[in-house]
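Treat the numbers as computed from the prediction; the structure is a model and nothing was measured.
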Amino acid sequence: MKFTPEKYSLPDIPMRPFIDVKEIEDFLAGPKPDRQEVVEIIAKSLNKQRLSLQDAAALIKADDPESVAIIKQAAKELKQAVYGNRIVLFAPLYVGNYCMNNCAYCGFRAENKEAVRITLSREQLIHEVEALEDEGQKRLILVFGEHKRYSADFIADTARTVYSVKKGHGEIRRVNINAAPLDIEGFRKVKEAGIGTYQIFQETYHPEMYKFYHLAGPKRDYNYRLTALDRAQEAGLDDVGIGALFGLYDWRFEALALLRHTNHLEACYNVGPHTISFPRMQAASNMVFNKKYEMSDADYARMVAILRLAVPYTGLICTARENAEVRREVMQYGVSQIDGGAKLELGAYSEDTEAPQNLNREQFHVSDSRSLHHVIDSLLDEGYLPSFCTACYRKGRTGEHFMEFSVPGFIKRFCTPNAIFTLAEYLEDYASETQKQKGYKLIENQLQELDGQLAEQIRSTLQRIKQGERDLYQ
């Protein structure tokens, strides 16, 4: 399916601002849709068509219990059709928390004198990666504060170092980045290091609220941040992730703005974001937070369902900011990626300690502190297929190529086998005997649902993995 750009008051021009506050507010204004309109919009989504902003706004306004139930059920069906029962796992690795910004809600902000400032040395970085590999992690997102010491060269060198670390069967096969906006040349440098997705969150898409929260530093420039991923695309880095921090402003506005950002990237570059993230505010060291815009669990789950219906092909990420119960809920409605065993204190993965979280060493509080082993155990109990797959990135199925496979829903053909292979690796190398039995039982159940020829091909590859081969994918 080819995305047909909508017409907006601010046209989609590469590297030009595209958010019109009044336009988004107008979409959200007006009467609620009737039940028939909700059903018709959902039918379009279940046909794997991208929803317009007007469609998405109608679903946001449809807040009566029956409409919400219909929306959630449709999101369940769509997620199963596009992604199956696969959940991709990753871990965040904080590299440095020096920062030049003063963002009122963030523990890393420059004026927070209680924050313990650290930049991992190369040796410390290697120890952290080895500890993550010992747990079975294969996918990392490297997180950096916004500071001149974290240049494009530094980020690229860090990524190369992470890729170079091998311990036992352990290796990191995909390094994603969450860092400051770069210029075009900077994005080229990090792309050459072989990174996966480059994430930049706008935090809030409302310009006035953005100015209110971002008091000083380079991040105060709303438009430079808003157009950052345009520069990534211009640099040839076509695998990007967007996000907003929910709790800074009205969630309805932010959700629609995320979709507007998606439409902008599609209109200008024929490719939307690889991932959308929607973290909610959590406690941070010396933070300033107005509870006026605090988002309830019920609205959070409803928003995830609407995002899934609005963008069928895009990965939706729910991090350990949310507790285990909330994550269990939203995985039903569209979340396709979560972190497992997340630790936000710099150097914490390699430290042999069970000390409580220290907000002065973290960006924010972690609500789901379960180990990777326990997260995988829960996923298996709930019938999900844990995946460490990196095949699309390594096969070049990113950007427009990813859209070609994922928009029509064909991605399931690749994701299910590759998820099975990576789960089998984990079971062979890191799982307890009990977990191993549980995992292979789920794999067998999965194979029973597949075409006979494909199932036999997967069985053949599984035998190779059991015999010691690794990193097999298609």
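Smallest separation of non-hydrogen atoms from Ala110 and Cys99: CB-O, 3.4 Å. Residues Tyr473 and Phe421 approach most closely at CA-CD1, 4.2 Å, considering heavy atoms. When all heavy atoms of Leu132 and Ala91 are compared, the pair lying nearest together is CD2-CB, 3.9 Å. Of all heavy-atom pairs between Gly107 and Asn112, the closest is O-ND2, 2.9 Å. In terms of heavy atoms, Leu309 sits closest to Leu78 at CA-CD2, 3.8 Å. In this structure, Leu372 and Gly136 approach most closely via the heavy-atom pair CD2-C, 4.2 Å.
Looking only at side-chain heavy atoms (C-beta outward), Tyr333 and Ile71 stay at 4.5 Å or farther from each other. Between Thr319 and Ser277, every side-chain heavy-atom pair lies at or beyond the 4.5 Å cut-off. A 4.5 Å side-chain heavy-atom check between Tyr224 and Pro181 finds at least one atom pair inside the cut-off. Looking at His147 and Arg117, their side chains never come closer than 4.5 Å, going by heavy atoms from C-beta outward. Side-chain contact between Val330 and Tyr300 is present, with at least one heavy-atom pair separated by less than 4.5 Å. In this structure, the side chains of Cys103 and His214 come closer than 4.5 Å at one or more pairs of heavy atoms. For the pair Leu182 and Lys189, the minimum side-chain heavy-atom distance is 4.5 Å or more. Counting only heavy atoms from C-beta outward, the side chains of Ile155 and Ile195 never approach each other to under 4.5 Å.
For the atom pair NE2 (His274) and CD1 (Ile242), the distance works out to 13.0 Å, reported to the nearest 0.5 Å. Put simply, CD1 on Ile172 and OG1 on Thr161 are 13.0 Å apart, with the number rounded to the nearest 0.5 Å. Atom-to-atom distance recorded for Leu316:CG and Leu258:CG is 10.0 Å, nearest 0.5 angstrom. Going from atom CG of Leu93 over to atom CD1 of Ile141 covers 10.5 Å, rounded to the nearest 0.5 Å. Separation of atoms OG1 (Thr275) and CG (Asp239) is listed at 7.5 Å; rounding is to 0.5 Å. With rounding to the nearest 0.5 angstrom, the CD1 atom of Ile126 is 11.5 Å from the OG atom of Ser350.
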Legend entry - salt bridge (Lys or Arg N to Asp or Glu O under 4.0 Å) evaluation trace for Arg50 with Glu266: CA-CA 11 Å; Arg50 283 276 286 101; Glu266 290 177 340; 3.2 Å; yes

Legend entry - Derivation and outcome, salt bridge (Lys or Arg N to Asp or Glu O under 4.0 Å), residues Asp299 and Arg280: CA-CA 11 Å; Asp299 283 340; Arg280 282 191 292 181; over 6 Å; no

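Surrounding CD of Glu123 are at most 12 heavy atoms belonging to other residues, nucleotides or ligands under 6.0 Å away. Residue-environment remark: CD (Glu77) exceeds the threshold of 12 foreign heavy atoms within 6.0 Å. Heavy atoms of other residues, nucleotides or ligands lying less than 6.0 angstrom from NZ of Lys441 number 12 at most.
Ionic pairing of Lys438 and Asp381 is present here: one or more N-O contacts between side-chain nitrogen and carboxylate oxygen are shorter than 4.0 angstrom. A salt bridge does not link Arg231 to Asp183: none of the charged nitrogens lies less than 4.0 Å from a carboxylate oxygen. We find that Glu425 and Arg173 are joined by a salt bridge, their nearest charged nitrogen and carboxylate oxygen being less than 4.0 Å apart.
Aromatic pair Tyr198/Phe187: centroids less than 6.0 angstrom apart. A centroid separation of 6.0 Å or more is found between the aromatic rings of Tyr426 and His169.
Counting only N and O atoms by type, the side chains of Tyr150 and Thr119 include a donor and acceptor under 3.5 Å apart. For the residue pair Gln435 and His373, a side-chain donor N or O sits within less than 3.5 Å of a side-chain acceptor on the partner.
Panel note: side chain Glu254, backbone Tyr205; a donor-acceptor pair is recorded below 3.5 Å. Of the possible donor and acceptor atoms, one in the side chain of Glu128 sits under 3.5 Å from a partner among the backbone N and O of Tyr349. At least one donor-acceptor pair closer than 3.5 Å links the side chain of Arg308 to the backbone N or O of Pro312. With hydrogens and angles disregarded, no donor-acceptor distance shorter than 3.5 Å links the side chain of Arg109 to the backbone of Asn101. Gln337 contributes no side-chain N or O that, together with a main-chain N or O of Gly315, makes up a donor-acceptor pair within less than 3.5 Å. Judged purely by atom type and a 3.5 angstrom limit, Arg470 uses its side chain to pair as donor or acceptor with the backbone of Ile465. Panel note: side chain Asn176, backbone Thr197; a donor-acceptor pair is recorded below 3.5 Å. Remark: side-chain polar atoms of Thr227 are not paired, donor with acceptor, to backbone N or O of Asp230 under 3.5 angstrom. For Lys79 (side chain) and Val335 (main-chain N/O), a donor-acceptor pair under 3.5 Å exists by modelled atom type. Ser460 contributes no side-chain N or O that, together with a main-chain N or O of Glu456, makes up a donor-acceptor pair within less than 3.5 Å.
For Arg174 and Phe388, the positive end is not near the middle of the six-membered ring at less than 6.0 Å and at most 45° from its axis.
Shown are Arg464, Lys466, Lys436; of these, the salt bridge (Lys or Arg N to Asp or Glu O under 4.0 Å) with Glu428 is made only by Lys436. Checking each of Gln446, Glu449, Gln80 against Asn85 for a side-chain hydrogen bond (donor to acceptor under 3.5 Å, both in side chains) leaves exactly one that passes, namely Gln446. Asp368 pairs with exactly one of Arg328, Arg327, Lys343 by the salt bridge (Lys or Arg N to Asp or Glu O under 4.0 Å) rule, that one being Arg327.
Aromatic ring orientation, Tyr249 versus Phe253: perpendicular (interplanar angle above 60°, classes split at 30° and 60°).
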